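Just below is one structure, and these are the notes that go with it.
This is a predicted model, so every value here is computed, not measured. Whatever order the structure lists ligands and atoms in, that order sets their numbers, starting from 1.
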Amino acid sequence: MQVVSNRVCAAVDSFEPIRQFYFDSRYAERRGAPDICDFTFGNPHEMPLPGLVEAIRYHVVPHNKDWFAYKASEPELQTFLAERLTQELSLPFEPADIALTNGAMAAIAVAFRLLLDVGEEAIFSTPAWFCYEPMLLAADAVPRKVRLQGERYDLDLCAIEEAISSRTRLVIINTPHNPTGRIYSRDQLVALADLLDRASERIGRRIFLLSDEPYRRIRFDGHDFVSPAAVYPWTLISYSYGKVLLAPGQRLGYLALSPLMPSADKQALQSSLFATQMALGWCFPNAVMQYALPDLEGLSIDMHTLSAKRARMTEALEQAGYEVLRPEGTFYLFCRYPGGDGEQYWDALADRDVFVMPGRVMDVPDHFRISLTGSEPMIERSLPAFAEVAHAIQT
Ligand code: PLP
């Protein structure tokens with residue numbers, strides 16, 4: 001007899017490739033070994049930012065008897081973030097637009113629970129981060145996947161339009177995009193907003209947009225960033241500090257409503273946020289991370305070093321015959337094997353203790369993803385193996 005719910009069974013099936021990769025694969029056997037080159041997940045490979053450590057150390061010491069009392073979206077932090085977001089995104093955020101969450105994942109889960117009824121559909125573009133689908137299934141919603149298009153993995157607006165049905169309630173956009181590193185331009189977002197306006201009119205109900213932006217501050221070459229919240233009023237933003245601080249285990253983020261949203265819709269969402277976060281299991285950040293937030297807001301991993309790693313790896317991989325999509329943002333490199341069977345390349349790299357995120361877990365088996373959070377010595381150690389494997393398989 002089936003013990004777990006149907007929705008959880010569906011989520012488990014969808015998550016199986018990545019579960020297997022993490023817990024039950026050649027990578028799982030070697031994960032954590034000291035000399036391997038691990039480019040799989042966006043995890044730190046060096047000591048944390050000193051500013052992060054100092055802030056946590058300071059705020060973990062109780063200043064009063066209520067220090068560790070229940071914490072929701074604390075009003076002073078909503079005010080602080082509204083001011084900062086207003087500056088960063090040039091949109092007039094109000095404190096009540098912001099719900100503090102334990103990371104972007106919680107913000108996404110809250111958005112799904114807030115907006116989607118059983119059987120309603122959410123569209124996202126692939127290749128994509130591997131959690132949208134299981135999270136939608138666990139929310140009793142129906143994922144609708146469309147492909148990104150062309151060599152630069154642009155949004156395919158025709159495919160999105162075709163995927164919209166009378167049950168569509170949500171479209172998810174991830175910019176800067178994991179795994180491709182693309183940042184969508186204002187023109188692309190305006191065209192998407194037009195499309196969603198027309199489609200909402202056609203189906204007789206409003207389609208919302210979830211703009212998943214955890215990599216928003218990790219951009220290269222001064223690349224511009226426009227939030228979809230600036231061009232489509234029915235947008236919710238999910239954000240995480242886990243990327244920019246490279247501390248994904250210290251959960252901190254938020255869900256923010258576009259200030260441009262018509263007030264009736266916005267008030268309905270605002271007044272439902274607390275109950276949704278409570279009902280999902282108290283999706284608020286821990287007290288210490290909330291106190292630390294103002295100290296963390298201005299901190300970032302070293303973009304200069306990240307940029308140098310991007311340049312070094314891109315050049316070396318291209319020279320060895322791999323195709324690399326030069327990322328505009330994120331800390332990932334999205335690469336294509338020189339030709340042939342992706343699994344064969346992955347195995348040959350694993351034989352040399354070099355581990356990359358296999359493209360098959362993102363529906364692109366001839367590609368792989370590298371996390372540039374790997375250290376510089378690790379990158380240098382790995383480069384001969386990448387060259388050797390490309391040479392060995394092609395000849
Ligand atoms: N969205 C995308 C596109 C991601 O890549 C990730 C993490 O990898 C998340 C959301 C979740 O971020 P966090 O774990 O910091 O909540």
Side-chain angles (χ1 to χ4, degrees), residues 15 17-19 21-22 38-44 48-49 52 99-112 122-136 138-139 143 145 148 153 155 170-184 209-219 225 227-228 235-256 277 280-286 289 292-293 296-297 299-301 327-334 356-357 359 361-364 369-374:
F15 203 60
I18 199 78
R19 187 209 64 80
F21 178 68
Y22 193 74
D38 185 349
F39 296 108
T40 55
F41 294 90
N43 264 321
L49 291 175
L52 169 65
L100 281 148
T101 61
N102 36 359
M105 278 184 99
I108 294 166
V110 170
F112 289 173
I123 299 172
F124 63 92
S125 302
T126 63
W129 179 52
F130 28 71
C131 293
Y132 297 131
E133 182 174 84
M135 288 177 74
L136 284 167
K145 297 191 266 187
L148 292 165
Y153 292 87
L155 292 173
L170 183 66
V171 172
I172 304 167
I173 293 295
N174 168 215
T175 178
H177 182 258
N178 171 8
T180 65
R182 286 301 311 281
I183 296 177
Y184 303 118
L209 192 64
L210 176 64
S211 177
D212 187 24
E213 308 175 0
Y215 302 94
R216 188 177 69 221
R217 293 177 183 166
I218 305 179
R219 309 198 301 271
F225 175 84
S227 172
T235 298
L236 293 81
I237 295 172
S238 47
Y239 185 74
S240 170
Y241 288 85
K243 309 298 177 191
V244 73
L245 300 177
L246 196 48
Q250 289 295 339
R251 314 291 302 159
L252 184 65
Y254 51 77
L255 184 68
Q277 289 182 265
L280 276 172
W282 206 260
C283 287
F284 298 100
N286 282 342
M289 291 311 283
L293 193 151
L296 305 180
E297 171 66 16
L299 283 184
S300 168
I301 49 171
E328 296 161 333
T330 77
F331 43 55
Y332 302 116
L333 278 191
F334 190 54
V356 296
M357 182 61 77
V361 302
M362 295 169 283
D363 288 338
V364 273
R369 189 194 75 182
I370 280 177
S371 175
L372 294 170
T373 58

- Item | Test side chain to side chain contact (heavy atoms under 4.5 Å, CB included) applied to N174 and S125, S211, P214, the passing residue | P214

- Can you list the ligand 1 atoms lying under 4.0 Å from a non-hydrogen atom of Y215? 3 (C), 4 (C), 5 (O), 7 (C), 8 (O)

- Heavy atom of the protein closest to atom 15 (O) of ligand 1 (residue, atom name, distance): S240 OG, 2.5 Å

- Task: Compute the centroid of each ring, for F41 and then for F39, and state whether the two points are separated by less than 6.0 Å.
- Result: no

- Message: I need the atoms of ligand 1 closer than 4.0 Å to a non-hydrogen atom of N174, numbered in the order shown.
- Response: 3 (C)

- Message: Does only the side chain of A104 get under 4.0 Å from ligand 1, or the backbone, or both, or neither? Count heavy atoms.
- Response: both

- Nitrogen or oxygen of P214 less than 3.5 angstrom from that of ligand 1: no

- Sub-3.5 Å donor-acceptor pair from the side chain of H177 to the main-chain atoms of T330, do we have one? no

- Query: For atom 2 (C) of ligand 1, which protein heavy atom lies nearest, and how many Å away is it?
  - Reply: D212 OD2, 3.3 Å

- Message: At less than 4.0 angstrom from any non-hydrogen atom of G103, what atoms of ligand 1 do you find?
- Response: 16 (O)

- Query: Just by distance, do the side chain of E328 and the backbone of I183 share a donor-acceptor pair under 3.5 Å?
  - Reply: yes

- Nearest-option assignment for atom 11 (C) of ligand 1, heavy atoms, candidates Y241, Y132, W129: W129

- Message: Would M105 count as being in polar contact with ligand 1, using the rule that some N or O on each side must be under 3.5 angstrom apart?
- Response: yes

- Y332 N/O under 3.5 Å from ligand 1 N/O: no

- Task: Output yes when the distance from some N or O of ligand 1 to some N or O of R251 is under 3.5 Å, and no in every other case.
- Result: yes

- Strictly by modelled atom types, are Q250 and Y241 linked by a side-chain donor-acceptor pair under 3.5 Å? no

- Message: Tell me whether R369 forms a cation-pi arrangement with F334, defined as NZ or CZ under 6.0 Å from the six-membered ring centre and within 45 degrees of its axis.
- Response: no

- Message: If only side-chain N and O atoms count, and only distance matters, is there a donor-acceptor pair under 3.5 Å linking Y132 with D212?
- Response: yes

- Query: How about N286: does its CG atom have over 12 heavy atoms from other parts shown lying under 6.0 Å from it?
  - Reply: no

- Message: Side chain or backbone, does K243 bring an N or O within less than 3.5 Å of an N or O on ligand 1?
- Response: yes

